[in-house]
Amino acid sequence: MPHIAVLGAGITGVTTAYALHKRGFDVTVFDRQRYAAMETSFANGGQLSASNAEVWNQWSTVIKGIRWMLQKDAPLSVNPRPGWHKISWMAAFLANIPRYRANTIETARLAVTARAGLAEMAYRSGVDFDFTPAGILHFYKSQKDFDHARRVTSLLADGGLARQELTADEVLAKEPNLRGDILGGFWTKSDSTGDIHKFTVGLADWLRGQGVQFEMGQAVEDVRADADCITLRGRDEQRFDGVVVCAGVASRSFAKMLGDRVNIYPVKGYSITVNLDDAASQAAAPQVSLLDDKAKIVTSRLGKDRFRIAGTAEFNGENRDIRADRVQPLVKWCETHFPGVSTENVVPWAGLRPMMPNMMPRVGAGRQPRVFYNTGHGHLGWTLSAATADIVAHVVAGKMRPNFTPSKSQSALKTAL
């Protein structure tokens with residue numbers, strides 16, 4: 001069987017390795033970190049959220065972003081320093097506003113499709129990742145935001161996702177610990193949560209036992225596509241029959257080496273993990289997963305003693321600094337909406353989401369016949385990973401093996417993009 005290199009051992013890289021191995025390929029995964037899931041897949045919001053499939057390409061987002069530039073604790077922060085990559089990416093973002101409806105529907109479809117694949121991976125590997133099928137609760141504090149949510153619900157339904165509108169009393173019945181002036185909400189019973197880091201590490205360990213090779217702590221410095229092979233140069237030089245780029249924000253530079261343009265911009269997101277060290281905090285923390293659309297904050301309960309709160313978007317290039325002024329709003333949100341939870345022991349984190357300007361992942365073949373991509377998932381990498389891994393593995397099989405028929409999900413994504 002062909003030997004395929006996968007660049008990146010985050011959630012997309014490891015699920016891609018699974019999908020390729022399932023089809024009989026020899027697979028080697030490369031990552032510059034010593035362990036899997038040490039960058040963007042380390043401490044995200046934990047939500048497997050088809051209900052969060054709405055893309056950001058709207059004029060209202062642009063207007064809010066301009067207004068938020070003058071507010072330090074705003075959900076969106078943009079470094080005003082000009083740069084060609086940032087300016088060109090934002091121009092392409094604006095150009096995709098007419099695709100808002102179609103891309104939101106297709107993202108929802110992918111997210112719904114991904115659920116079965118993730119369940120299969122979890123079942124076969126036996127990994128414990130603090131999974132809970134407790135559903136996701138969106139809540140709203142203004143009529144304008146609530147009305148917009150109704151319109152989004154219609155788009156999600158077109159993508160195959162059902163969610164239920166709730167009154168304020170019904171919201172509080174779903175999560176009695178929630179405090180605030182709540183107007184109403186939406187409940188998505190079919191959504192779930194889990195620890196992305198524990199899942200990715202556990203799946204990688206299982207794949208090792210199945211024969212997948214992992215070259216960890218080895219940065220790939222150069223990749224070249226020739227007619228008869230792919231050549232990777234890092235600690236040493238190795239040759240493969242094909243390569244799948246799943247390298248997060250580094251995918252853009254790898255694509256350039258391979259003659260492709262993958263217009264990913266690093267959009268920093270923050271999270272805090274609130275350690276619930278006492279019984280009172282454990283009782284006061286929510287059991288269901290939440291999404292505050294106004295603040296752009298998501299939460300998940302990870303086992304008995306961890307409460308994850310994540311949000312914000314920062315356009316500041318490939319900057320991994322953890323800024324106190326971006327972390328503090330997450331702590332304040334917890335203290336406002338869940339005052340019984342102690343925030344004495346809080347662990348902050350920041351990661352760079354690899355975002356395409358149309359908010360859709362880049363999945364499929366490159367210009368060279370041995371080159372493939374599964375990257376650019378933005379804030380939905382955890383949610384979409386199982387679906388896009390299956391799609392790219394089908395594409396690889398179709399290119400590397402004759403007489404292969406693409407799957408329906410692959411054909412649907414190709415049409416959408």
Side-chain angles (χ1 to χ4, degrees), residues 11 40-56 61 73-77 104 107-108 111 114 129-141 145 148-149 152 156 161 163 171 174-175 177-178 180 182 185-197 199 267-274 285-303 306-314 326-338 341 343 346-353 355 359 377-385:
I11 185 63
T40 306
S41 298
F42 186 77
N44 75 350
Q47 291 189 336
L48 292 156
S49 53
S51 59
N52 197 21
E54 182 189 17
V55 299
W56 298 359
T61 304
D73 61 350
L76 176 66
S77 172
T104 294
T107 302
F129 59 106
D130 292 324
F131 175 78
T132 174
I136 292 180
L137 176 63
H138 288 62
F139 68 90
Y140 302 89
K141 305 170 194 174
D145 291 335
H148 177 75
V152 173
L156 297 178
L161 180 72
R163 66 176 186 172
V171 168
K174 290 287 185 186
E175 183 43 69
N177 289 328
L178 178 62
I182 310 300
F186 282 90
W187 171 248
T188 310
K189 182 179 180 180
S190 56
D191 276 345
S192 55
T193 60
D195 187 322
I196 187 175
H197 179 74
F199 178 86
V267 181
K268 190 192 298 183
Y270 287 81
S271 78
I272 58 172
T273 301
V274 183
Q287 292 296 331
V288 304
S289 182
L290 300 166
L291 200 154
D292 180 347
D293 267 332
K294 180 72 172 179
K296 305 303 180 188
I297 285 176
V298 305
T299 78
S300 57
R301 184 73 178 265
L302 302 176
R306 290 187 300 153
F307 179 34
R308 179 72 50 77
I309 304 172
T312 78
E314 182 180 315
R326 304 297 290 162
V327 171
Q328 189 55 38
L330 301 178
V331 177
K332 184 179 179 181
W333 185 95
C334 180
E335 294 170 346
T336 299
H337 292 288
F338 296 95
V341 173
T343 53
V346 169
V347 180
W349 173 84
L352 300 178
R353 307 181 187 106
M355 283 196 172
M359 305 296 291
H377 296 65
H379 65 298
L380 291 177
W382 180 214
T383 298
L384 302 179
S385 57

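Numbers here are sequence positions counted from 1.
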Self-check item: Side chains of Phe139 and His337 in contact at under 4.5 Å (non-hydrogen atoms)
Solution: yes
Quiz prompt | Test salt bridge (charged side-chain N to carboxylate O under 4.0 Å, His left out) applied to Arg306 - qualifying residues, sequence neighbours left out | solution = Asp130, Asp195
Quiz item: How long is the span from the OG atom in Ser300 to the CD atom in Gln287, to the nearest 0.5 Å?
Solution: 12.0 Å
Practice problem: Over all heavy atoms of both residues, which pair between Ile11 and Phe199 is shortest? Give the atoms and the distance, please. | Solution: CD1-CD2, 3.7 Å
Self-check item: Side chain proximity check, Gln47 to Ile136, heavy atoms < 4.5 angstrom
Solution: yes
Quiz item: Can you name the residues that form a side-chain hydrogen bond (donor to acceptor under 3.5 Å, both in side chains) with Ser190, not counting sequence neighbours?
Solution: Arg115
Quiz item: Taking all atoms of both residues into account, what is the closest heavy-atom pair of Asp191 and Ala50, and its distance?
Solution: OD1-N, 3.0 Å
Exercise. List in chain and number order the residues that pass salt bridge (charged side-chain N to carboxylate O under 4.0 Å, His left out) with Asp293, two or more places apart in sequence or in another chain; answer none if no residue qualifies.
Key: none
Self-check item: Non-hydrogen side-chain atoms of Ser271 and Asn44 separated by less than 4.5 Å
Solution: no
Quiz item: Do Asp292 and Lys141 sit within salt-bridge range, that is, some charged N less than 4.0 Å from a carboxylate O?
Solution: yes
Exercise. Applying side chain to side chain contact (heavy atoms under 4.5 Å, CB included), name anything that partners Ala114, two or more places apart in sequence or on another chain.
Key: Ala386, Ala387
Practice problem: For Ala134 and Trp187, work out which heavy atoms get closest and say how close. | Solution: O-CH2, 2.8 Å
Quiz prompt | Nearest-0.5 Å distance that lies between atom OG1 in Thr312 and atom CG in Leu76 | solution = 9.0 Å
Exercise. Fit a plane to each ring of Trp349 and Phe42, take the angle between them on a 0 to 90° scale, and name the class: parallel (under 30°), tilted (30 to 60°) or perpendicular (over 60°).
Key: tilted
Quiz item: Of the non-hydrogen atoms in Ala310 and Gly45, which two are nearest, and what is the gap between them?
Solution: CB-CA, 3.6 Å
Quiz prompt | Sub-4.5 Å side-chain heavy-atom contact between Arg163 and Val152 | solution = yes
Quiz item: Side-chain contact, heavy-atom cut-off 4.5 Å: Leu291 with Phe186?
Solution: no
Quiz item: At what distance, to the nearest 0.5 angstrom, does CH2 of Trp382 lie from OG of Ser49?
Solution: 11.0 Å
Quiz prompt | Value rounded to 0.5 Å, distance of CD1 in Ile182 from OH in Tyr140 | solution = 11.5 Å
Practice problem: Side-chain contact test, heavy atoms from C-beta onward, threshold under 4.5 Å: evaluate it for Thr383 versus Asn52 and give yes or no. | Solution: no
Quiz prompt | Qualifying residue for side-chain contact (heavy atoms from CB on, under 4.5 Å) with Ile309, from Ile297, Thr273, Leu290, Thr343 | solution = Ile297
Quiz item: Quick one: are Ser385 and His377 in side-chain contact, heavy atoms under 4.5 Å?
Solution: no
Self-check item: Minimal non-hydrogen separation, Thr40 against Arg353, with atom names
Solution: CG2-CA, 4.2 Å
Quiz item: Nearest heavy-atom pair of Leu156 and Ala53: which atoms, and what distance?
Solution: CD2-CB, 4.0 Å
Practice problem: Report the residues that fulfil salt bridge (charged side-chain N to carboxylate O under 4.0 Å, His left out) with Glu314, sequence neighbours left out, ordered by chain and then residue number. | Solution: Lys268, Arg323, Arg326
Quiz prompt | pair Phe338-Val274: side-chain heavy atoms closer than 4.5 Å | solution = no
Quiz item: How would you list all residue pairs meeting salt bridge (Lys or Arg N to Asp or Glu O under 4.0 Å) that involve residues 41-54, not counting sequence neighbours?
Solution: none
Quiz item: Going from OG on Ser41 to NE2 on His197, what distance comes out if it is rounded to the nearest 0.5 angstrom?
Solution: 9.5 Å
